[in-house]
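Everything on this sheet refers to the single structure shown next.
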Amino acid sequence: MIDAAAPPRSAEARLVRGACLFVGTGGLFYAALTVPIALAQSALAASWWTPLALTAVYAPTVLVIAAALRWRLDLARYAVLAFAIGYLLAAGSWLVVRTGATVPAEESLWTTWIPGLPAVALCIFWRRMPFGYLTVAAVLAQIAAAAARGPETHNPIVPELLFAVAYSALPCAACVVLVQVGRTLDRTAHAARAKATAGAAADARRFERRRFDALTHDWVIATLLEASRTPNSAVLTHHADVTLRDLERLRSGLPVQDNLDLDQVVASIRAAAAEVDDTVQLRADRAADVDLVVPSDVATALAAAVGEAMRNWQRHASSRTREAACEVQVTADAASVRVDVIDDGVGFDPATVPPDRLGLRASITDRLAELPGAWSAIDTAPGRGCRVSTGWVAT
């Protein structure tokens with residue numbers, strides 16, 4: 001059975017509503033065609049039967065339209081059921097109350113016109129039952145039609161019955177499939193929304209993990225490294241203040257500082273470089289009045305790029321006869337910051353790097369390409385060292 005309590009604007013509900021409007025309008029159309037015929041044939045049954053039968057058959061179609069227009073699909077289902085029952089009662093009761101009068105052989109009783117429409121209406125809300133209903137309604141309609149023509153007229157009931165069932169079975173099946181398509185669309189949309197919700201939750205968890213990892217890497221480690229080198233220095237005090245403040249914000253659920261000043265950026269780069277090799281020289285070139293703030297995710301990516309570039313230097317830059325040197329340069333102005341990791345090693349040809357080797361591409365190039373305003377470049381060739389440049393421009 002189709003769920004009449006589906007969300008009011010779901011695909012299934014919209015298709016069910018459209019089908020109800022179609023059936024209800026079809027009922028009014030058939031009423032306009034058959035009421036004159038029914039009134040002309042009123043002498044075939046008791047005088048009270050024709051108006052009562054017309055009301056039982058066609059009044060529910062008005063209710064179907066009214067319920068569908070108000071998106072009351074639960075009421076529309078009851079109206080459809082009343083339509084189907086009303087037709088069966090009308091077709092079956094005529095055999096009981098008929099007067100014995102007949103119609104010409106070329107005419108047919110008005111109830112034989114519409115046995116398929118109530119069956120199509122039932123298919124909006126039910127799947128299998130309407131096909132049994134169609135068979136019963138068609139049998140009653142053909143028996144009544146044969147009785148209305150009289151025993152003297154040849155009435156090929158079986159061929160006409162098969163034709164009536166086959167003629168109406170196709171739209172019934174189409175209606176069932178139509179509503180099922182709406183339900184499938186709703187399930188697909190629900191699955192897509194659930195997947196998007198799960199993805200958003202996973203992104204939120206990854207974001208929180210990155211916040212914690214960035215705080216640990218950029219400030220906790222930097223503070224500990226600074227404490228191991230120069231206890232009780234001004235830099236150590238600054239690192240400790242920033243770390244304690246951000247840890248408290250993280251514990252309380254508040255966002256960690258979104259932007260870092262240039263001193264904090266340099267400190268995170270220094271910590272990343274020292275984590276690989278604390279003997280590498282870092283030079284910072286900046287004007288005294290530069291007041292640049294950098295997004296925390298950009299600062300984290302710049303520091304991570306320095307660490308990866310230095311690890312690449314350690315692994316690949318030196319030859320068997322000579323150890324390559326390395327230095328880190330940070331340059332900043334009022335609108336941008338640039339970081340260069342420079343070594344005088346053996347260098348390499350970037351075009352010869354196999355595509356399955358992630359290295360600098362995955363850790364630096366692709367990562368920075370995802371951040372607005374960030375950029376990266378690798379300048380190297382065999383025999384002339386390597387310069388890995390990264391930076392960010394305020395937009």
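Owing to the predicted nature of the structure, the values given are computational and were not obtained by experimental measurement. Count residues from 1 along the sequence.
Side-chain contact between H316 and V346: absent, with no pair of heavy atoms (C-beta onward) separated by less than 4.5 Å. Contact check for Y87 versus P115: side-chain heavy atoms found under the 4.5 Å cut-off. Using a 4.5 Å cut-off on side-chain heavy atoms (C-beta onward), P382 and F348 make no contact. Counting heavy atoms from C-beta on, the side chains of L122 and M129 come closer than 4.5 Å. D285 places none of its side-chain heavy atoms less than 4.5 Å from the side chain of V330. Within the 4.5 Å cutoff, no side-chain heavy atoms of L292 are placed close to those of D333. The shortest distance between side-chain heavy atoms of F125 and L81 does not fall below 4.5 Å. Contact annotation: the side chain of C175 never approaches that of F22 to less than 4.5 Å [non-hydrogen atoms, C-beta and beyond].
Under the 3.5 Å distance criterion, the side-chain polar atoms of W313 are matched with a main-chain donor or acceptor of A324. Between the side chain of T99 and the backbone N or O of A43 there is at least one donor-acceptor pair closer than 3.5 Å. The main-chain N or O of S108 is never found under 3.5 Å from a side-chain atom of T112 such that the two would form a donor-acceptor pair. A donor-acceptor contact shorter than 3.5 Å links the side chain of Q41 to the backbone of W110. The backbone N or O of A305 lies less than 3.5 Å from no partner atom in the side chain of E308, so there is not a single donor-acceptor pair. The backbone N or O of A68 lies less than 3.5 Å from a partner atom in the side chain of R17, making a donor-acceptor pair. Between the side chain of Y58 and the backbone N or O of F83 there is no donor-acceptor pair closer than 3.5 Å. Distance alone, capped at 3.5 Å, is enough to place a donor-acceptor pair between the T380 side chain and the G385 backbone. Judged by distance alone, the side chain of T135 and the main-chain N or O of F131 form a donor-acceptor pair under 3.5 Å.
Residues A272 and A303 approach most closely at CB-O, 3.2 Å, considering heavy atoms. Looking at every heavy atom in both residues, A90 comes nearest to V57 through CB-CG2, 3.7 Å. Closest approach of L260 and A299 over heavy atoms only: CD1-CB, 3.5 Å. Heavy atoms only, all atoms of each residue included: A11 and D186 are closest at N-OD1, 2.8 Å. Residues A79 and V64 approach most closely at CB-CG2, 3.5 Å, considering heavy atoms. The two atoms that bring E327 and V280 nearest to each other are CA-CG1, 3.9 Å, heavy atoms only.
The closest side-chain donor-acceptor pair between T61 and Y30, if any, does not fall under 3.5 angstrom. For the residue pair S389 / R338, a side-chain donor-acceptor distance below 3.5 Å is found, with atom types taken as modelled. Side chain to side chain, T300 and D297 fail the donor-acceptor criterion of an N or O pair below 3.5 Å.
Residues V23 and Y78 are members of separate hydrophobic clusters, defined by side-chain heavy-atom contacts under 4.5 angstrom among Ile, Leu, Val, Met, Phe, Trp and Tyr. Hydrophobic clustering (side-chain heavy atoms under 4.5 Å, transitive across Ile, Leu, Val, Met, Phe, Trp, Tyr) keeps L262 apart from W375. W113 is connected to V120 through a chain of hydrophobic side-chain contacts under 4.5 Å among Ile, Leu, Val, Met, Phe, Trp and Tyr, so both are in one cluster. Placement of L69 and L75 in two distinct hydrophobic clusters is found when ILVMFWY residues are connected by side-chain heavy-atom separations under 4.5 Å, directly or transitively. In the hydrophobic cluster analysis, where Ile, Leu, Val, Met, Phe, Trp and Tyr join through side-chain heavy atoms closer than 4.5 angstrom, I85 is grouped apart from V62.
Annotation: the span from D343 atom CG to M310 atom CE amounts to 10.5 Å, rounded to 0.5 Å. Between the CG atom of L282 and the CZ atom of R270 there is a distance of 5.0 Å, given to the nearest 0.5 Å. If you take CD1 on I269 and CD on Q264, they are separated by 12.0 Å, rounding to the nearest 0.5 Å. For the atom pair I37 CD1 and S42 OG, the distance stands at 13.0 Å (nearest 0.5 Å). One finds the CG atom of L185 at 10.0 Å from the OG atom of S10 (value rounded to the nearest 0.5 Å). How far CG of L63 is from CZ of R72: 12.5 Å, rounded to the nearest 0.5 Å.
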| said: Run L368 and L302 through side-chain contact (heavy atoms from CB on, under 4.5 Å) and show every step you take. | reply: CA-CA 8 Å; L368 286 166; L302 293 176; 4.3 Å; yes

**Study point:** Y133/R128 under side-chain contact (heavy atoms from CB on, under 4.5 Å): CA gap, chis, key distance, verdict
**Key:** CA-CA 9 Å; Y133 173 91; R128 297 180 179 87; over 6 Å; no

**Request:** For C20 and I65, run side-chain contact (heavy atoms from CB on, under 4.5 Å): C-alpha distance rounded to whole Å, both residues' side-chain angles, the deciding distance at 0.1 Å, then the answer.
**Result:** CA-CA 7 Å; C20 287; I65 294 175; over 6 Å; no

* Asked: Would V328 and Q281 count as a side-chain contact (heavy atoms from CB on, under 4.5 Å) if you check the C-alpha gap in whole Å, the side-chain angles of each, and the deciding distance to 0.1 Å?
  -> CA-CA 6 Å; V328 180; Q281 181 182 6; over 6 Å; no

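Environment of CG in D291: sparse, with no more than 12 heavy atoms of neighbouring residues, nucleotides or ligands closer than 6.0 Å.
Ion pairing between D344 and R322 holds under the 4.0 Å rule for side-chain N and carboxylate O.
Note: W94 and W49 have perpendicular aromatic rings, judged against thresholds of 30 and 60 degrees for the angle between ring planes.
For the salt bridge (Lys or Arg N to Asp or Glu O under 4.0 Å) condition, the pairs that include at least one residue of residues 382-395, sequence neighbours left out, are D340-R387, D379-R384.
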